[in-house]
Number of protein chains: 2
Amino acid sequence: MAPMSEPAFERLDPGQAAGAPLYRLAKQALLAAIESGRCPPGRALPNETALAAALGISIGTLRHAVDELVAERILLRRQGRGTFVATHTTDRFVFQFFHVERSDGRREAPQVELLSFERGRLDEEAADALGLRAGEPVILVENRLALQGRPVVYDRLTLPAALFRGLTEKRLRERPSTIYHLYQTGFGITVVRAHERVRAVGADRTAARILGVVPGTPVLQVRRTALALNDKPVEYRVSTLWTAQHDYVSTLSPAT
Amino acid sequence: MAPMSEPAFERLDPGQAAGAPLYRLAKQALLAAIESGRCPPGRALPNETALAAALGISIGTLRHAVDELVAERILLRRQGRGTFVATHTTDRFVFQFFHVERSDGRREAPQVELLSFERGRLDEEAADALGLRAGEPVILVENRLALQGRPVVYDRLTLPAALFRGLTEKRLRERPSTIYHLYQTGFGITVVRAHERVRAVGADRTAARILGVVPGTPVLQVRRTALALNDKPVEYRVSTLWTAQHDYVSTLSPAT
DNA sequence: CCCAATTTGTTCGTATGTATA
DNA sequence: TTATACATACGAACAAATTGG
């Protein structure tokens, strides 16, 4: 008889990947459970003893796997409560991807304003970043972010339509939290990492108008490729930052 | 009788810091040994069983401590060889602090040219970053970095003279490796982390001349505060980047 | 080329402490 | 208070990489 619903975790088969340590198999199993939706973001994992038993491994080996996922901020452990799949609503997660700070060092959540939402075709630059072919259908989103009531960031997002099937301007506009939280809850896409390339340019007419500066004003241009759990690119974003009163901050930490 | 030379590691005293886990005490002991020079960079630590015995802790607890230091790139483990104190000569370490890349994504080691070396007084901006009082004696260094034969970066370094006693232009000019390697080998200062604040500005006359661009050209200005093992700031650096053919790259990784 | 010694890597198991509900 | 869950600490055995003879 087939089980009523498939269990979230099954006994690991060490023969799967020859030579791979058990704890890495466990890590992959956890990632697969999250990615497939069997363990959605916010959900608590089974407790360590139960999970280790289900996977057929020792508790120490399981902890090794979980340790790595916690370091990557994919899981979150809280003593006495449990181990949870991280969500993009926690402050730490939000600021992992928002690197703009007031010059005095204070952090502030931006007010986001949707400027445009339309469908189009992938251009060469974004195709290269996303690892797709130019011409594929995409969704193009423009946002303006204000800090202390003043426009500071102008974002242009390129999203592969295939990954965001069903995304509408209404859903985007009415999202209760961050845009990455919407990716996560609405489309099963968890952004866990991003690469950014930064350069200084003179503001073009469009950016100047949107940011309320004179064309040619030096501004930061940040080109971001955001990666999901499976390390596949899911978003390409070009941000233009007015850095007269704010900075782009970065910590040169060992993880780099 | 006093021992001929003090041993690098002594038995931990759990009473030291009440409530602190043993593995954190072990970590502090390791850091202290590195900082004091009893375990200089490049040196192998005693093997795990010996070290655990010397510290009076189990091997698992020692590994927990070493795990964290490895994650912070302060130690480096190699199976079959040993555990080593990291040096600023390894490629990974070098590029942890050099974030300039060609636009095509290729990395290249820069050619460094010393432009000036002089002594002076700490100004307000650097004093704030270094956590010192303005007016303290400092060493001011100017460097120009070229990539593919073209000037790309103009660095102005501020170093507290008290930390770099005995630093001369000659020593700086004749260093065999990176400047952080010189800090480490010459002054016992290991830079392990840095904060950077980036903004776009128009090149001033000085920067324009040094980088060979027209004044007013949009350039990146990066203000870095470098921290040593003890988390104390040891260098303040303002870099000006010409980003027409290169980018400032950043990975939004979980450690941030 | 192989062997032996050394060192870290992986896996197992157990006991006890601490935070949370 | 009690039960639950993660955190810390201990110990042991074997695997895998490295080195030198």
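Naming convention: chains lettered A, B, ... in sequence-line order (proteins, then strands); numbering from 1 in each chain. Computed from a predicted model, the values in this text were never measured in an experiment.
What separates NE2 of B:H64 from P of C:dT8 is a distance of 18 Å, to the nearest Å. For the pair A:I57 CD1 and C:dC12 P, the interatomic distance rounds to 7 Å; values are reported in whole Å. Between the P atom of C:dT8 and the CG atom of B:L69 lies a distance of 14 Å, rounded to the nearest Å. Per the geometry, CG belonging to A:L76 stands 12 Å off P belonging to D:dC6, to the nearest Å. Distance CZ (A:R77) to C1' (C:dA19): 14 Å, rounded to an integer number of Å. Rounded to an integer number of Å, the gap from B:L45 CG to C:dT6 C1' is 16 Å. The nearest whole Å value for the distance from the CG atom in B:N47 to the C1' atom in C:dG9 is 14 Å. If you take OH of B:Y23 and P of C:dT18, they are 14 Å apart, rounded to a whole angstrom.
For B:E48, the listed nucleotide lying nearest its side chain is C:dG9; candidates were D:dC10, C:dG9, D:dA7. Distances were taken from every side-chain heavy atom of A:L22 (C-beta onward) to each of C:dT8, D:dC6, C:dC12; the shortest belongs to C:dC12.
A:F97 and A:Y180 have perpendicular rings, their planes meeting at more than 60° on a 0 to 90° scale where under 30° would count as parallel. In this pair, A:H88 and A:F93 present their aromatic rings tilted. The plane angle is within the 30 to 60° band.
Nucleic acid contact class of A:T83 (heavy atoms, under 4.0 Å, all strands): sugar-phosphate only. Counting non-hydrogen atoms under 4.0 angstrom, B:G60 reaches nothing in the nucleic acid.
Across all their heavy atoms, A:A228 and A:V234 have their closest contact at CB-CG1, 3.7 Å.
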*Summarise how protein sits on nucleotides 12-21 of chain D as a single string, 5' to 3': B when a protein heavy atom is under 4.0 Å from the base, S for sugar-phosphate-only contact, - for no contact.*
----BBSS--

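Checked against salt bridge (charged side-chain N to carboxylate O under 4.0 Å, His left out), B:R237 has the following partners two or more places apart in sequence or in another chain: B:D155, B:E235.
Environment of CZ in B:R11: sparse, with no more than 12 heavy atoms of neighbouring residues, nucleotides or ligands closer than 6.0 Å. More than 12 heavy atoms of other residues, nucleotides or ligands shown are found within 6.0 angstrom of CZ on A:R171.
No hydrogens or angles considered: nothing links the side chains of A:S253 and A:T251 as a donor-acceptor pair under 3.5 Å.
DNA chain C is contacted by both B:R63 and A:T61; B:R63 maps to the nucleotide lying nearer its 5′ end (nearest heavy atom per residue).
Under 4.0 angstrom from either OP1 or OP2 of C:dC12 there lies at least one side-chain N or O belonging to A:S58.
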